[in-house]
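Before anything else, here's the structure in question.
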Amino acid sequence: MKKNDLKSMGKSFTKYILIIGALLILLDFTFHRHEYFSFAEIYGFPAFFGFVSFVFIVMLGKWLRKFLMRKEDYYDQ
Amino acid sequence: MISNFIPGLIMIITSFLLPTIPQYFRHPAILLSVGLSALSLFNGYGTFLEWDILGLNLILYQSDSLTLPFAIIFHIAAILVIIFSWHSKNLMEHMATLAYAGSAIGALHAGDFFSLFIWWEATALTSVFIVFAGNTNAAKDAAMRYLIIQVSSGVLLLIGACLMLYQTGNHNLAVLDLKTNFGIFIFIAFGIKAAFPLLNGWLQDSYPESSVTGTVALSAFTTKLAIYALARTFPGTDSLIWIGAIMTAFPVFFAVIENDLRRVLSFSLNNQLGFMVVGIGIGTELSLNGTVAHAFVHIIYKALLFMSMGAVLHRAGTTKASELGGLYKYMPFTTIFCIIGAMSISAFPLFSGFVAKSLIMSSLGGMGMVLIYFILFFASAGVLEHSGIKIPYFAFFAHERKNKVKEAPINMLIAMGIAAFLCIAIGVFPKYLYQILPYTVDYQPYTLDHVISQLQLLVFAIIAFLFLVKFKLYPSEIRSTVLNSDWFYRKMLPGIGKPLFKKIGILTESLYKNLGLSFKQVLSKSYKFSNLSYIKVTTPSFAGTILISILFIMLVIVLV
C-alpha cells in the first residue's frame, strides 16, 4: 500500500487534470475568446501553444545536455 | 527627526551594534530596526535630505511614486528573511543580512548617481558575506567571484556618473539614453546586477552556494534594485525589450537540465527579471506599472520558493533533485507552501503572479508586439516547467523516500506561511497592489478571456508534463554541472591565462639566464622575481586582473 501512495496520487491527479483540460476546451466553444491577435482566437490555441511549448522546452533542454552538461566536480578539476 | 533619517540607515547601524547585544535580544532588535526604518514609508513624497560635499549636492533621501512600492516590498522581504532565520545563531550572517537589506533600501532613496553608487557598492560589500556564510569551499570561491563582479558593476556606475557630471554638469538621477557614453556605462552597470544575458553568470554561481537562509535574502534585493534603477533611468529604451525577451526564454532551457533545485530557482529568477525588463523597455504607464507589480509579487513568491528549498536543505541536507523526492509525507506544510509559491510564479489565476504578469502582457498586446508577446507566452510555459512543476515535483514527490526527516522549524513555517498568504491575498484582491503602483491605471485582470486563455496554457502544459513522464521522455535527474556564462571567466580565461603566464615566466627566466655572467651580479635581486613561484595565478585574481584591464581600456577609449 505504502509504495502505491505516490502512484495512486499521480493517477488521480492525471485524471482530474485531464477533466479540467477537456472542460477548458469545451468552454472555448461556448463563447468567443477575445485576444490581442486574431490567430490566437482559434479554438484551443493557448492549450495547443502550452502543450507544444512545454514539449519543445523539455526536448531542447534535453538535447542541450550534450553541450552543456559536465561532471559535478568540473570546476574543481 | 526620524523623518529626515535615511531609510535603511538605522538597520545598518543596528547591524554594527549586533555583537554588543545579547543573543536573546538580537532578533527583536533586528525586527525593531526594520520597523523603525519602515516608518519612513509614511513620509510621503519629496526630497528630505541633501548634503553638499566637495562642491557636489548629494540627494541622500528622496521619495516618489516609483520608490514607494519598492521600499514597501524591501521592508516586507527584510521581515520575512528575519523570521525565516530566527533559529540561526550565525552572527556574521545576521549582521550582513541586516546591513544588506538596509543598503538596498537606502539605495532606493538616493536621488543622484553618486549616492546611488555608494549604496550600490554597499549592497555588494554586505551581501558578499552572505554568500561567504555558506561556509563551504565552493561558497568561499563563489563569494570572491561574486565580489569581483559586483564591485565591477559599481566601478562602471562610478565611471558613468563621473562622465555624466563632466559632460553635462548634472549628476542627478534622470532618464538617460544609450546615445551618450555615460549612458552606456550606467546601462552596463545596471545590466550586470539585473543579470542581462551573458552578464548573468554570477547569479547562478553564487546564490545556490549560500546558506539555507542567505539565499532568501540574496534573492530579494540586488536584482530588484537593478530593476528599480533601470525603471528610473532607462524607461522606454527599445533594446531592453529584446534583452528582456532573451532573458525570459533562455534560462528556461538551463533550468530543465539543472540538478540543484536552488540553482533551478536562480535560473528561474533570471527568467522573471526578463519579464520586468521587457516592461521597462516598453515604457508605457501600463507596462511600468506591470514591471513594478511584477517585482513586488516576485520578491514574495521567489522568497517563498527559496525558503521552501531552504527548509528542505535544512532538514534533508541537500537540494539536489537526484537525491530528493517523497518529502511530502514528512514536510507537509512546506510542501503546501512550496506549491502555493509554484502556482504564484506560474501565474495561475487567483495567485499573485497572474495579476502582475497580466499588466506586462496586456501592454505588449496593446502595442501589437506579436513576436515578443509570444516569446513571453512561451516563457510562461517555461516558468511552469521549472518553477511550477520541477521544484515541487522533484523535492516532494517523484519517488518514495527511505529516510525520515522532520518538518521545518516553526519560524520557517511562519515566514513561509506569511509569504504564502500574501501570494494568495494579492492574487484575490489585486486592487490593493494596484493602488501603490507608480501610475493610476484602471486595469481589470480577471476577464473571462484572459482567465480561460491562461488556464488553457497552464493546464495543457501540465498535461504535456504528464505525457512526457508517462512515456519516459522527461529527462531524469543527473548529478552534473550545467555550463553557464560564468564558464568564460571560470574556465576559458584561466585556460588561456595560466599557460600564457607560465610561458612568460619561462621566457623571462631564460632571458635572464642568457644575459650572461657579467650581469648576474647586478641582476641577482631581480632574478628571483622571474622564478615561477612568484607568478602564481589564481582564478579570482586572474579574472580580476582581466576585468580591471577591460575597465581601464574602456575608460581610456572614452576619454580619448
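Here the structure is a predicted model, which is why all the values come from computation and not from measurement.
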Task: A:Tyr16 atom OH, over 12 foreign heavy atoms within 6.0 Å - done: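 Atom OH in A:Tyr16 is not packed in, count stays at 12 or less.
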TODO: Under 4.5 Å, counting heavy-atom pairs only, tell me which of A:Asp28, A:Val55, A:Asp73, A:Val52 racks up the most with chain B.
DONE: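 Ranked by heavy-atom pairs under 4.5 Å with chain B, first place is A:Asp28.
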TODO: Pick one of side chain, backbone, both or neither for B:Leu466, based on which atoms fall under 4.5 Å of a heavy atom in chain A.
DONE: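 For B:Leu466, the contact with chain A is made by the side chain alone.
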TODO: Taking the six-membered ring for Trp and the full ring for Phe, Tyr or His, determine whether the centres of A:Phe51 and B:Phe467 are under 6.0 Å apart.
DONE: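 Yes, close enough.
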TODO: Evaluate whether atom CZ of B:Phe250 has more than 12 neighbouring non-hydrogen atoms of other residues, nucleotides or ligands under 6.0 angstrom away.
DONE: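 Incorrect, the count does not exceed 12.
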TODO: Tell me, yes or no, whether the heavy-atom count around A:Ile42 atom CD1, taken from other residues, nucleotides or ligands under 6.0 Å, exceeds 12.
DONE: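 Atom CD1 in A:Ile42 is packed in, count exceeds 12.
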- [ ] For chain A, find which of B:Leu384, B:Ile478, B:Asn137 contributes the most heavy-atom pairs closer than 4.5 angstrom.
- [x]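 Of the options given, most contacts go to B:Ile478.
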Task: Which portion of B:Ala398 sits near chain A, non-hydrogen atoms under 4.5 angstrom - done: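 Backbone of B:Ala398 only, per the 4.5 Å heavy-atom cut-off to chain A.
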Open item on the list: Heavy-atom pairs under 4.5 Å with chain A: which of B:Ala249, B:Gly365, B:Gly326 has the most?
Closed with: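 Ranked by heavy-atom pairs under 4.5 Å with chain A, first place is B:Gly365.
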- [ ] Measure distances from B:Met369 to the heavy atoms of chain A and classify the residue's part below 4.5 Å as side chain, backbone, both or neither.
- [x]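 The backbone, not the side chain.
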Task: Pairwise distance CG(B:Leu457) to CG(A:Leu24) - rounded to 0.5 angstrom - done: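 If we round to the nearest 0.5 Å, B:Leu457:CG and A:Leu24:CG are 11.0 Å apart.
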TODO: Find out whether A:Tyr36 and B:Met361 are in side-chain contact, i.e. whether some heavy atom of one side chain is under 4.5 Å from a heavy atom of the other.
DONE: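 They are not in contact (no side-chain heavy atoms under 4.5 Å apart), so the answer is no.
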Task: Cationic tip of B:Lys491 above A:Tyr74 ring, under 6.0 Å, 45° of axis - done: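 Output yes; distance and angle both within limits.
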- [ ] Give the member of B:Val370, B:Val256, B:Val252 that has the highest number of heavy-atom pairs under 4.5 Å with chain A.
- [x]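 Of B:Val370, B:Val256, B:Val252, B:Val370 has the most heavy-atom pairs under 4.5 Å with chain A.
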TODO: Could you tell me if the ring centre of B:Phe460 sits under 6.0 Å from that of A:Phe48?
DONE: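 For B:Phe460 and A:Phe48, the ring centres are not under 6.0 Å apart.
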TODO: Sort B:Lys390 into side chain, backbone, both or neither according to what part of it lies under 4.5 angstrom from a heavy atom of chain A.
DONE: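 When you check distances to chain A, no heavy atom of B:Lys390 falls under 4.5 Å.
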- [ ] Determine the minimum heavy-atom distance between A:Lys62 and B:Leu473, stating which atoms define it.
- [x]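 Heavy atoms of A:Lys62 and B:Leu473 come nearest at NZ-O, 2.7 Å.
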Open item on the list: For B:Lys140, I'd like to know if atom NZ has over 12 heavy atoms of other residues, nucleotides or ligands within 6.0 Å.
Closed with: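 Check passes, neighbour count above 12.
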Open item on the list: Contact between A:Glu35 and B:Asp449 at the side-chain level, heavy atoms closer than 4.5 Å - yes or no?
Closed with: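 A:Glu35 vs B:Asp449: side chains apart.
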- [ ] With the side chain counted from C-beta on, respond yes when B:Glu400 and A:Leu6 share a heavy-atom pair under 4.5 Å apart, and no when they do not.
- [x]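 Contact flag for B:Glu400/A:Leu6 side chains = yes.
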TODO: Under 4.5 Å, counting heavy-atom pairs only, tell me which of A:Ile25, A:Leu64, A:Ile20 racks up the most with chain B.
DONE: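 Top count of heavy-atom pairs under 4.5 Å with chain B: A:Ile25.
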Task: Region of B:Phe254 that comes under 4.5 Å of a non-hydrogen atom in chain A - done: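 B:Phe254 touches chain A through side-chain heavy atoms alone.
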Open item on the list: So which residue, B:Ile462, B:Leu455, B:Thr481, ends up with the most heavy-atom pairs under 4.5 Å with chain A?
Closed with: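 Of the options given, most contacts go to B:Thr481.
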Open item on the list: Is the distance from the ring center of A:Phe13 to that of B:Phe397 below 6.0 Å?
Closed with: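 No: the rings miss the under 6.0 Å criterion.
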- [ ] Work out which heavy atom in A:Gly21 is nearest to a heavy atom in B:Ile463; give both atom names and the distance.
- [x]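 Looks like CA-CD1, 4.4 Å.
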Open item on the list: Can you tell me which of B:Ala255, B:Ser362, B:Gly368 forms the most heavy-atom pairs within a distance under 4.5 Å of chain A?
Closed with: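 The residue among B:Ala255, B:Ser362, B:Gly368 with the greatest pair count is B:Ser362.
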Task: Under 4.5 Å from a heavy atom of chain B, the part of A:Ile57 involved - done: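 Its backbone and side chain both get close to chain B.
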TODO: Report yes or no: does B:Ser480 contribute a side-chain atom to a donor-acceptor pair with the main-chain N or O of A:Arg70 at less than 3.5 Å?
DONE: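 It does not hold such a pair.
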Open item on the list: For a 4.5 angstrom cut-off between non-hydrogen side-chain atoms, does A:Pro46 reach B:Gln454?
Closed with: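 Not touching, per the 4.5 Å side-chain cut-off.
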Open item on the list: Please evaluate residues A:Tyr75 and B:Leu483 with respect to the criterion side chain to side chain contact (heavy atoms under 4.5 Å, CB included), reporting the C-alpha separation (whole Å), side-chain torsions for both, the decisive distance (0.1 Å), and the verdict.
Closed with: CA-CA 10 Å; A:Tyr75 283 117; B:Leu483 299 187; 4.0 Å; yes
Task: Min side-chain heavy-atom separation A:Met69-B:Ile257 under 4.5 Å - done: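 The answer is no; the side chains never approach within 4.5 Å.
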TODO: Just do the ring pair (Phe, Tyr, Trp, His ring centres under 6.0 Å) check on B:Phe374 and A:Phe39 with the steps written out, would you?
DONE: CA-CA 12 Å; B:Phe374 281 100; A:Phe39 61 88; 5.3 Å; yes
Task: Which atom of B:Pro475 lies closest to which atom of A:Arg65, heavy atoms considered - done: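 Shortest heavy-atom contact: CB-NH1, 3.8 Å.
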Open item on the list: Within the 4.5 Å heavy-atom criterion, are A:Phe54 and B:Leu468 side-chain neighbours or not?
Closed with: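 Result yes, sub-4.5 Å side-chain heavy-atom pair found.
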Open item on the list: Counting heavy-atom pairs under 4.5 Å with chain A, which one of B:Lys470, B:His399, B:Gln456 comes out on top?
Closed with: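 It is B:Gln456.
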